[in-house]
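Bear in mind the structure is a predicted one, so any value in this text is a computation, not a measurement. The figures that follow rest on heavy atoms only: side chains count, while hydrogens, waters and symmetry mates do not. Throughout, a chain's letter reflects where its sequence line sits, starting with A, and its residues are numbered from 1.
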Amino acid sequence: MNYFKDILAVSLSKEIETFTKNELLELIEVPDPKMGDLAFPCFKLAKVFRKAPHMISKELVEKLNFNDEFSSVKAVGPYINVFINNSALLKYFKQEFTDNKILKPLPRLNKNIPIDYSSPNIAKPIAFHHIRSTVIGNAISNLFEFIGYDLKRINYLGDWGTQFGKLSVAFKKWGSEKELDEKGIKHLLEIYVKYHEESKNDKTLDAEARKLFKLTEDGDEEALALWKRFRDISIKEFNRIYDILGVKFTHIEGESRYAPVLNETIELIKSKVHTEISQGALIIPLEEENMPPVLLKKMDGATLYATRDIAAAIDRYERFNFARSLYAVGSQQKLYFQQLKVVLKKMGYDWADKIKHIDFGMVKGMSTRKGNLVFLEDVLNEAIALSKEKILEKGRVPESEIDEVARKVGVGAIIFGDLKSSRINDFEFNWEDLLNFSGYSGPYVQYSYTRVKSIMRKSDIKDYTNADLSLLKEDIEIELVKELLKFPEIIQKAAENDELYFLAKYSYSISKLMANFHRFVHVLKAEPELQKARLFLLSKVADTIQTTLSILGIETVENM
RNA sequence: GGUUCGGUAGCUCAGCUGGAUAGAGCAACGGCCUUCUAAGCCGUGGGUCGCAGGUUCGAAUCCUGCCCGAAUCACCA
């Protein structure tokens with residue numbers, strides 16, 4: 001659509017000298033389809049020319065000249081409404097979608113973007129609320145990869161800290177090898193919970209835990225072996241869930257990576273910014289910035305998250321020389337990330353400006369009926385089971401593919417559910433919505449895709465490359481063409497705002513139009529040439545849906 | 001209390017760099033399977049855009065104040 005906007009703007013700029021072409025381009029709107037494809041409001045001109053806007057629109061329309069791009073250019077009150085000529089539109093459509101040029105990832109920029117997402121704490125099963133960072137980070141990564149960046153997908157595990165001392169103590173006291181083998185991470189959670197109960201009454205436990213973690217930090221072989229074992233078990237279980245979700249990482253590391261360099265990091269910080277001891281803790285005061293201080297070391301000398309994160313930020317810059325550095329982390333940590341950037345900036349690192357916190361709202365209303373967490377895996381399994389049930393009901397999917405299709409659809413519903421609205425909104429946990437596969441949902445879009453593919457499979461015509469698109473005359477066909485041509489704008493908007501819901505909405509609106517297409521237009525009954533033209537269009541609908549969903553991290557299926 | 005984010009239909013949300021009658025989905029109700037997949041389609045009802053001022057040709061959108069909710073504000077991450 002930008003192509004036609006540009007033509008309109010150029011034409012307008014020939015008549016209007018007080019505005020540049022780009023200023024005019026900014027003013028052009030995409031109105032209600034009934035009014036036109038493009039609209040130019042004359043209010044801003046009215047101020048400059050001191051003339052009523054409806055007069056200006058009327059006069060302008062008479063002066064404007066076009067080739068054959070527009071079929072109608074009319075003054076409607078203060079607006080100039082423009083309809084695009086169908087043949088020009090279809091010609092442009094064919095050009096852009098030949099070899100799917102428009103859907104291809106953008107040229108490589110040779111610029112790195114490390115992104116930190118998912119990042120669970122080890123020794124605890126992944127709870128449902130981890131879905132947000134995992135799915136948002138994965139999709140943002142896909143999006144930036146699409147527009148040309150090289151992504152470094154980092155799962156920055158919470159794998160260091162006194163909680164491992166606690167876990168070690170708990171395992172020594174109540175742990176069982178047999179249960180660890182059988183239940184894996186859930187056994188670790190059990191004993192961790194028990195530890196917390198017991199430690200309320202028995203204060204010696206905490207001291208013991210600190211001692212054990214100190215041993216780990218100092219490199220004690222036995223302590224380290226136990227830590228490594230907890231970590232390996234955790235990673236194995238995490239990977240199982242990432243496989244279900246279809247989420248990938250390029251780097252699995254964790255806070256432990258920075259354990260050896262913490263002292264030198266603190267020395268480095270001390271040498272570059274003013275630090276002080278306050279109430280026994282080592283802090284960086286940020287009064288000038290109107291922020292609370294950043295704590296580097298606790299009273300007992302132990303380091304904190306901030307120290308590790310500063311080390312990690314520097315490390316990521318040194319390793320990747322990043323164009324941007326992203327963190328998909330909840331909005332609770334907004335202030336913390338501002339502080340982190342300020343500290344890095346104070347240390348003289350200009351690249352701190354390239355750090356961006358992709359924040360998102362928290363998951364609320366999670367069922368606590370059992371007084372414990374809702375595990376992500378359970379929610380996924382629930383969604384997959386429901387989707388399998390529906391697949392069996394319909395009986396369209398071959399036996400051998402049922403489980404795979406059920407997974408893609410069930411998981412698609414969960415992922416889409418997370419990405420369908422603005423990141424910053426809190427996410428309401430609600431089984432009913434989560435498992436509702438109709439309307440504005442992943443399965444709806446996937447379903448739309450299968451119907452299109454089904455038609456393509458049933459037709460004898462398999463090659464549409466030389467289709468004569470001028471045969472496409474139905475309104476709904478033209479609407480679809482216009483929608484498909486919006487793809488680059490949607491990608492751009494999503495990337496500019498780090499918002500995935502633009503893509504989710506886009507996939508939905510294509511599907512919605514497709515539903516209308518099915519109602520008014522028949523493909524297989526059409527004459528061969530017309531059928532070919534329609535198949536060309538449908539194949540592009542399918543490809544656009546697939547490309548859009550795949551950026552969101554959702555797979556398409558051929559049947560459901 | 002300070003800071004930040006939010007308050008639009010019963011619920012979940014779009015729309016917010018001011019513009020033409022405020023839009024979706026879910027839920028409710030009523031229709032549609034001899035027609036390329038009914039996980040679908042069509043229709044109906046449902047709104048003082050938190051409240052009050054201001055800015056202007058025009059405000060859900062910008063400004064101010066207030067009300068309500070959430071997050072956060074030094075030893076968790």
Side-chain angles (χ1 to χ4, degrees), chain A residues 26-27 29 31-32 34-35 39 41-44 46-47 52-53 76-79 81 119 121 158 160-163 255 278-283 285 290-306 308-309 329-336 338-339 359 361-362 364 386-387 390-391 393-397 409 413 417 420-422 424-428 430 432-433 436-448 450-459 501-502 504-505 508-509 511-512 514-519 521-526 531 534 538 559-560:
Chain A
E26 287 288 305
L27 291 173
E29 299 172 7
D32 186 310
K34 277 173 277 179
M35 314 298 278
C42 297
F43 303 101
K44 291 259 160 36
K47 280 217 171 101
V76 181
Y79 291 88
N81 289 341
S119 307
N121 288 328
W160 207 244
T162 33
Q163 72 266 31
E255 294 172 18
S278 168
Q279 299 171 32
L282 180 66
I283 67 161
N290 239 332
M291 285 181 185
V294 168
L295 266 80
L296 297 173
K297 264 187 179 178
K298 301 198 274 187
M299 276 193 312
D300 63 7
T303 58
L304 285 133
Y305 189 64
R308 296 193 280 272
D309 248 7
V329 177
S331 57
Q332 298 98 307
Q333 295 191 37
K334 199 164 184 170
L335 175 63
Y336 169 73
Q338 285 167 353
Q339 290 175 303
D359 58 342
M362 57 190 288
K364 292 170 75 177
L386 181 63
S387 118
K390 297 201 176 197
I391 289 165
E393 232 171 72
K394 312 285 175 190
R396 299 183 193 115
V397 180
V409 174
K420 70 198 267 194
S421 61
S422 174
I424 206 64
N425 293 329
D426 283 341
F427 182 94
E428 293 291 335
N430 176 338
E432 198 185 318
D433 288 346
N436 193 328
F437 295 177
S438 54
Y440 182 31
S441 70
Y444 178 96
V445 178
Q446 287 168 318
Y447 177 69
S448 175
T450 62
R451 289 188 69 183
V452 170
K453 294 294 277 207
S454 170
I455 294 173
M456 289 169 64
R457 277 195 302 271
K458 283 184 176 157
S459 173
Y501 79 91
F502 292 115
K505 278 181 76 172
Y508 177 72
S509 64
S511 304
K512 190 79 191 168
M514 232 4 258
N516 262 289
F517 178 94
H518 288 298
R519 202 153 70 97
V521 179
H522 212 279
V523 176
L524 299 180
K525 282 183 189 164
Q531 184 170 151
R534 286 180 176 162
L538 288 201
N559 276 306
M560 63 188 273

Next item on the list: Check whether any side-chain nitrogen or oxygen of A:Lys297 sits under 4.0 Å from OP1 or OP2 of B:rA74, and answer yes or no.
Entry: no
Notebook entry, point to check: So what's B:rU44 paired with, Watson-Crick or G-U wobble, going by both distances under 3.5 Å?
Noted result: B:rA28
Notebook entry, point to check: Between B:rG1 and B:rG58, how far is it from one P atom to the other, in whole Å?
Noted result: 37 Å
Margin query: I want to verify a distance call: between B:rC26, B:rU37, B:rA24, whose nearest atom is closest to the A:Tyr508 side chain?
Written below: B:rA24
Notebook entry, point to check: How would you label the glycosidic angle of B:rC33: syn (within 90° of 0) or anti?
Noted result: syn
Check: Reckon A:Pro53 touches a base, only the sugar-phosphate, or nothing at all at heavy-atom distances under 4.0 Å?
Finding: nothing
Next item on the list: Using a heavy-atom cut-off of under 4.0 Å over every strand shown, decide if A:Asn290 touches base, sugar-phosphate, or nothing.
Entry: nothing
Next item on the list: Name the nucleic acid region contacted by A:Ser441, choosing base, sugar-phosphate or nothing; use a 4.0 angstrom heavy-atom cut-off, strictly under.
Entry: nothing
Check: Picking from B:rC5, B:rU37, B:rA27, which would you name as closest to the side chain of A:Tyr447?
Finding: B:rU37
Check: Which comes earlier along RNA chain B counting from the 5' end, the contact point of A:Asp32 or that of A:Lys364, where each point is its nearest nucleotide?
Finding: A:Asp32
Notebook entry, point to check: Base, sugar-phosphate, or nothing: which does A:Ala515 touch, judged by heavy atoms less than 4.0 Å apart?
Noted result: sugar-phosphate
Check: A:Tyr444 OH to B:rC41 C1': how many Å, rounded?
Finding: 9 Å
Notebook entry, point to check: What distance, rounded to whole Å, do you find between the two C1' atoms, one in B:rG25 and one in B:rC68?
Noted result: 26 Å
Check: Contact class for A:Asn425 vs. all strands (heavy atom < 4.0 Å): base, sugar-phosphate, or nothing?
Finding: sugar-phosphate
Notebook entry, point to check: In terms of side-chain heavy atoms of A:Asp426, which of B:rA77, B:rU37, B:rA70 is nearest?
Noted result: B:rA70
Check: Taking CG from A:Leu335 and P from B:rU4, how many angstroms apart are they, rounded to a whole number?
Finding: 11 Å
Check: Taking the side chain of A:Gln279 as heavy atoms from C-beta outward, which of B:rU37, B:rU12, B:rA74 is closest to it?
Finding: B:rA74
Next item on the list: Report yes if a side-chain nitrogen or oxygen of A:Arg451 is closer than 4.0 Å to either non-bridging phosphate oxygen (OP1 or OP2) of B:rC36; otherwise report no.
Entry: no
Check: Does A:Lys453 make a side-chain N or O approach to OP1 or OP2 of B:rC36 shorter than 4.0 Å?
Finding: no
Next item on the list: With heavy atoms under 4.0 Å as the rule, sort A:Ser421 into base, sugar-phosphate or nothing.
Entry: sugar-phosphate
Check: When you measure from the side chain of A:Glu428, which nucleotide among B:rU72, B:rC13, B:rA27 comes out closest?
Finding: B:rC13
Check: If only side-chain N and O atoms of A:Ser454 are considered, is one of them under 4.0 Å from the OP1 or OP2 phosphate oxygen of B:rU37?
Finding: yes
Item checked: A:Asn121 to A:Gly158 - nearest heavy-atom pair and separation -> OD1-CA, 3.4 Å
Next item on the list: Quote, to the nearest angstrom, the C1' distance that separates B:rG45 from B:rG30.
Entry: 11 Å
Check: Heavy-atom distance under 4.5 Å between the side chains of A:Ser331 and A:Ile424, does that happen here?
Finding: yes
Check: Looking across every strand, which nucleic acid part, if any, lies under 4.0 Å from A:Glu255 by heavy atom: base, sugar-phosphate, or nothing?
Finding: sugar-phosphate
Note to self: Over all strands shown, is A:Pro292 touching base, sugar-phosphate only, or nothing at heavy-atom distances under 4.0 angstrom?
What the structure shows: sugar-phosphate
Next item on the list: Kindly point out which of B:rA27, B:rA20, B:rC36 is positioned nearest to the side chain of A:Pro31?
Entry: B:rA20
Notebook entry, point to check: Considering only side-chain heavy atoms of A:Gln332, which listed nucleotide, B:rA20, B:rU72, B:rA77, is closest?
Noted result: B:rU72
Margin query: Does the structure show a Watson-Crick or G-U wobble partner for B:rU64, both distances under 3.5 Å? Name it, or say none.
Written below: B:rA52
Check: On a whole-Å scale, what distance lies between the P atoms belonging to B:rA52 and B:rC41?
Finding: 39 Å
Next item on the list: Indicate whether OP1 or OP2 belonging to B:rG25 is found under 4.0 Å from a side-chain N or O atom of A:Tyr501.
Entry: no
Check: Between B:rA20 and A:Lys34, is there an OP1 or OP2 to side-chain N/O distance shorter than 4.0 Å?
Finding: no
Margin query: At 4.0 Å (heavy atoms only), tell me whether A:Glu29 reaches a base, stays on the sugar-phosphate, or touches nothing.
Written below: nothing
Item checked: Sugar-phosphate only, base, or nothing, as touched by A:Val409 at under 4.0 Å among non-hydrogen atoms -> base
Item checked: Whichever of A:Ile455 and A:Lys334 has its nearest RNA chain B nucleotide further upstream toward 5' -> A:Lys334
Next item on the list: Among the candidates B:rA77, B:rC36, B:rU4, find the nucleotide nearest to the side-chain atoms of A:Tyr305.
Entry: B:rA77
Notebook entry, point to check: When all nucleic acid strands are considered with a 4.0 Å heavy-atom cut-off, which category describes A:Lys525: base, sugar-phosphate, or nothing?
Noted result: sugar-phosphate
